Every structure is written in structure tokens, then in C-alpha cells.
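Note that this is a predicted model, so its numbers are computed, not measured.
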Amino acid sequence: MAQLPSAAVDFARFLAGLTARLDRRSGWLAVFLERDPDGMAACLAGSELPPWDVVDALLQDLAADQGAAAARTEAATARALHAAATAAHDGGPGAAAALARRLDVLLRERRYTAERLQELTAHRATATTEEAAAALDVDLAWAEDDHRRATARCAELRARADALAAPAPAPAPAAPERPAGQAKPKRRPRGGARFAGIAEEAAEPPGAAPVAPAPAAAVRGARFAGVAEPAGEPAPPRPGPEEARAAGGAVARLHALRAQGRGGEAHVLLAELAGWPAPRLPLLAAELHRAGLEADWATLLWEVAALPPAALVAAADALAAAGRGADARRLLQQGVARPAPEIADALHLLTGDGRDRQARALAGAYLAVRSPEDAAGVARSDPDRLVPLLLDAARGVSEERHWDLVHAFRVAGVLT
């Protein structure tokens with residue numbers, strides 16, 4: 001432990017003290033120890049940093065054992081130490097690339113949990129006995145927890161990556177304290193989303209700070225992600241009254257499902273809405289905010305970010321055209337956390353279809369949050385076409401990023 005940063009040592013000592021006060025046979029601590037004992041041991045040793053949702057769950061255990069007042073006192077200390085340990089973990093060389101790799105893994109995990117949730121919901125709807133329905137209800141509750149945790153961890157990793165990419169990140173405001181005193185969870189079977197693989201997966205408590213936009217030009221009109229719209233290229237179609245009615249009806253159904261506690265069906269509906277035509281997305285955003293379902297809007301953006309890249313760019317284009325430039329940038333930033341071959345394929349598709357502006361938007365978002373070495377991996381599939389595109393997009397991020405990219409391309413042998 002002596003070789004670890006002092007902030008990591010301090011947090012590990014705090015975590016060890018917290019878990020020592022808890023019953024290892026029940027609550028969330030028992031769940032984490034059962035599902036991933038090696039990961040938990042690494043966190044207690046300070047070599048890995050637990051996601052904030054894990055720390056928050058342990059604070060819930062403390063509230064159940066010793067009261068909400070004790071949990072509130074420890075929560076403030078936990079946040080401060082966790083933030084300091086995060087800064088220490090992210091301060092080393094190669095941190096941005098490591099975060100990007102972990103985000104790739106977590107996004108795949110999140111997609112798996114969403115598919116699992118949808119599958120269980122379908123089975124629950126066709127259950128023929130009360131016993132089968134009750135068993136599926138338990139599975140659904142755990143699947144929802146897996147999906148929420150995977151979503152929160154993706155958001156935390158994205159925020160950390162954005163903080164590293166930003167030229168001068170502002171201090172994050174304090175997060176609101178989550179209500180303490182929740183009931184302890186039942187023991188769950190192994191499987192589903194792992195607690196392992198969590199090295200430096202969390203930065204701040206979920207919702208602690210809005211995602212900071214990556215370095216990019218300001219949005220003006222239909223411009224987004226630092227990419228200007230060339231003259232003569234058609235703007236996205238404007239939605240009509242039929243689309244507005246469809247969006248309103250969908251959000252009304254979602255609101256009803258949330259009010260009835262049918263979270264699994266709500267997730268399935270959100271996954272369905274992600275596949276709607278892109279022009280409806282700004283309407284859904286407006287309706288969700290009007291209904292007070294801001295958390296569902298964030299989830300919907302993550303679902304859209306998992307679409308094929310061409311559909312992702314179309315969605316960002318529609319948001320930007322509707323004046324939601326910040327959402328468009330965030331969507332692109334979330335969507336480029338995927339393997340380099342997928343980005344290369346998307347750029348080929350977009351440029352081949354003559355959608356050069358969308359190709360530059362996707363390339364600009366990728367370059368703003370991924371390393372120049374990652375971009376060299378994208379260019380390697382077709383240097384003649386992709387090297388000029390990526391270099392042009394890099395200028396829209398910053399002059400420094402452009403020259404970093406030139407160097408990376410030369411090292412990789414895709415530019416002479």
C-alpha cells in the first residue's frame with residue numbers, strides 16, 4: 001500500500017473501516033462479497049477504486065444497521081475521500097485511454113443488462129402460475145438493479161473521461177444525499193452485471209455534476225460538435241403533428257408505468273423509443289422534461305447511443321437542429337465509446353453516402369474524447385479516405401489535438 005497514492009490509501013482505509021462496521025452476512029456487503037470477492041478485496045487494499053454506487057450501497061447498509069444519522073455523517077467523508085482517490089487514479093499517464101477501454105466494457109455490460117431485462121419482462125408477461133410469476137418478479141428486480149448500476153457506472157466513466165479531455169475543468173458541485181435507511185437487499189444469485197472490473201470506474205456520485213462538453217466549437221444554428229453545415233446539404237426533416245401526438249402518447253404510457261412501479265416494462269418502452277425516427281427524439285425530450293421524467297431522458301440518450309453509428313449521428317443531428325446542442329454533443333460523446341472498427345465502418349458508410357458533415361461530426365466527437373492512438377486504429381482500415389477526414393475533424397477540436405493526431409498517425413505508419 002506504501003506505493004499507492006496517499007489519496008488511494010486514505011480511501012481504502014476509510015472503506016475498510018466502513019465495512020468492518022457492517023454485517024458481512026447480509027445487506028449489500030454480502031452481495032458484493034459473494035459476487036466478486038476478489039474485486040472487493042482489491043478495493044479494500046486500495047489497488048482498485050469502487051464505483052460510487054457500491055459505496056452508496058454500503059452506506060445504505062450502515063443506515064439500516066446504525067441509523068440514518070450515522071450514514072449521513074459518513075457520506076460526506078466518503079464523497080471527499082472518493083473524489084480525491086479518483087483524482088489520484090486519473091492523474092497518471094494513460095488514464096484517458098484506460099478510461100475509454102473500461103467504458104467500452106461497461107457499455108457492453110449495459111447492453112447485456114438491457115437485453116436481459118427485456119427478456120425477463122417478456123417471460124413475466126406470459127407466466128402461467130403464481131409461483132413462476134413470483135420467481136420472475138425477483139429476477140426482474142435484480143435485473144433492474146444491474147441495469148441501473150451499469151448505467152450509472154457508464155455515466156461516471158463518461159464524466160471522468162470528459163474531465164480529462166476538458167482544457168480547464170471546473171470543480172464539480174456537491175451531489176445531493178440520497179435518502180438513507182432503505183431496506184437491506186435479499187441475497188441474489190451469481191450472474192448478471194459483475195461488480196468486478198471496477199478499477200477506477202467511478203468518479204462522483206451519480207448525478208453529481210452535468211457531463212462537461214468536450215472541447216468543441218460553440219453551437220450555432222444547425223452546427224454541433226464543432227462541425228459546420230455545408231451549404232446545400234438538407235437539414236433534418238421537421239416533425240409534424242402526428243409525431244408530436246406519438247411522443248406525447250409514449251411519454252404518457254411511460255409515466256403510467258413508473259407510477260405503477262412497473263420498472264421493467266418502462267425500460268422496455270425506453271428501448272423501443274430509442275429506435276424511433278430521429279426527428280421524434282427532440283419531441284420526446286420535451287415531453288419527458290415536462291412530465292418530470294428527466295432521469296428517463298438520460299436513460300433514453302444512453303439507449304440511443306447504443307444504436308448503429310449512422311442512426312446515432314442522425315439522432316444527434318435532429319437534436320442539434322431542434323436547438324438541443326448540448327444533448328447532441330452528449331449523445332455523440334456517449335456513442336463513440338465503441339471499438340475502433342465500428343467507428344471506421346460508420347465513417348465509411350457516411351462518407352460513401354455523401355453525408356460528409358455527419359461523418360465529420362462523428363469523427364470530431366471521437367477525437368474529443370479518445371486518444372490519438374485510438375484514432376490511428378480507426379484510420380488504419382483505409383488511410384487514404386480516413387486520414388484526411390480525421391485530421392480535418394481534429395482541427396475542429398483544437399490545434400493541439402490536430403498535431404497530436406499527426407504524430408500518432410506517423411508513428412502508426414498511416415501518414416508519411
Side-chain angles (χ1 to χ4, degrees), residues 1-2 4-86 89 102 106 109 113 135 137-153 156 175 177-206:
M1 186 175 290
L4 295 171
S6 60
V9 174
D10 290 343
F11 180 77
R13 287 173 177 161
F14 168 84
L15 190 65
L18 175 61
T19 55
R21 301 164 63 183
L22 302 175
D23 184 354
R24 300 171 71 88
R25 298 165 299 178
S26 63
W28 287 113
L29 178 58
V31 171
F32 297 144
L33 288 172
E34 179 184 1
R35 300 185 78 191
D36 187 18
D38 293 338
M40 198 69 194
C43 292
L44 292 171
S47 58
E48 292 190 357
L49 185 67
W52 178 258
D53 68 271
V54 172
V55 182
D56 185 62
L58 296 177
L59 291 170
Q60 292 177 35
D61 281 356
L62 184 66
D65 284 345
Q66 302 181 21
R72 283 195 295 269
T73 300
E74 295 295 339
T77 303
R79 287 195 193 98
L81 292 176
H82 191 272
T86 298
H89 277 281
R102 279 190 291 277
L106 261 295
E109 186 66 44
T113 61
D137 284 340
V138 173
D139 289 341
L140 268 171
W142 283 115
E144 288 179 24
D145 182 73
D146 286 339
H147 190 62
R148 280 194 298 270
R149 290 186 187 279
T151 299
R153 293 173 191 182
E156 291 167 8
E177 205 185 326
R178 187 172 168 180
Q182 297 185 14
K184 286 188 176 184
K186 296 179 181 178
R187 294 292 290 274
R188 63 157 294 157
R190 292 178 182 270
R194 272 176 60 84
F195 159 56
I198 55 170
E200 304 106 15
E201 277 181 13
E204 299 291 335

Subject >> Steps toward side-chain contact (heavy atoms from CB on, under 4.5 Å) verdict (R21, L62) >> reply: CA-CA 8 Å; R21 301 164 63 183; L62 184 66; 4.0 Å; yes
**OP:** Assess whether side-chain contact (heavy atoms from CB on, under 4.5 Å) is satisfied between H82 and L49, documenting all intermediate values.
**Re:** CA-CA 8 Å; H82 191 272; L49 185 67; 4.0 Å; yes
Rounded to the nearest 0.5 Å, what's the gap from [atom1] on [X] to [atom2] on [Y]? Could you check?
X	Y	atom1	atom2	result
F14	T19	CZ	OG1	10.0 Å
W52	E156	CH2	CD	9.5 Å
D61	Q66	CG	CD	10.5 Å
L140	D145	CG	CG	12.5 Å
L18	L81	CG	CG	11.0 Å
L22	R24	CG	CZ	9.5 Å

**OP:** Measure from NZ or CZ of R35 to the centre of the six-membered ring of W142 and say whether it is under 6.0 Å with the direction within 45° of the ring axis.
**Re:** no
**OP:** Apply side-chain contact (heavy atoms from CB on, under 4.5 Å) to the pair F11 and V55, showing each step before the final yes or no.
**Re:** CA-CA 11 Å; F11 180 77; V55 182; 3.8 Å; yes
Locate the shortest heavy-atom distance separating [X] from [Y]; write the atom from each residue and the value.
X	Y	value
G46	A8	O-CB, 4.0 Å
R149	V54	NH1-N, 4.2 Å
A45	A12	C-CB, 4.1 Å
H89	S47	CE1-O, 4.1 Å
T113	A150	OG1-CB, 4.2 Å
A78	L59	CB-CD1, 4.4 Å

Original post:
Would you call D53 and R153 a salt bridge, using N to O less than 4.0 angstrom?
Top reply: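 Here D53 pairs with R153 in a salt bridge, since their nearest N and O are under 4.0 Å apart.
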Original post:
L58 and L15: side-chain contact (heavy atoms from CB on, under 4.5 Å), yes or no, with the steps?
Top reply: CA-CA 9 Å; L58 296 177; L15 190 65; 3.8 Å; yes
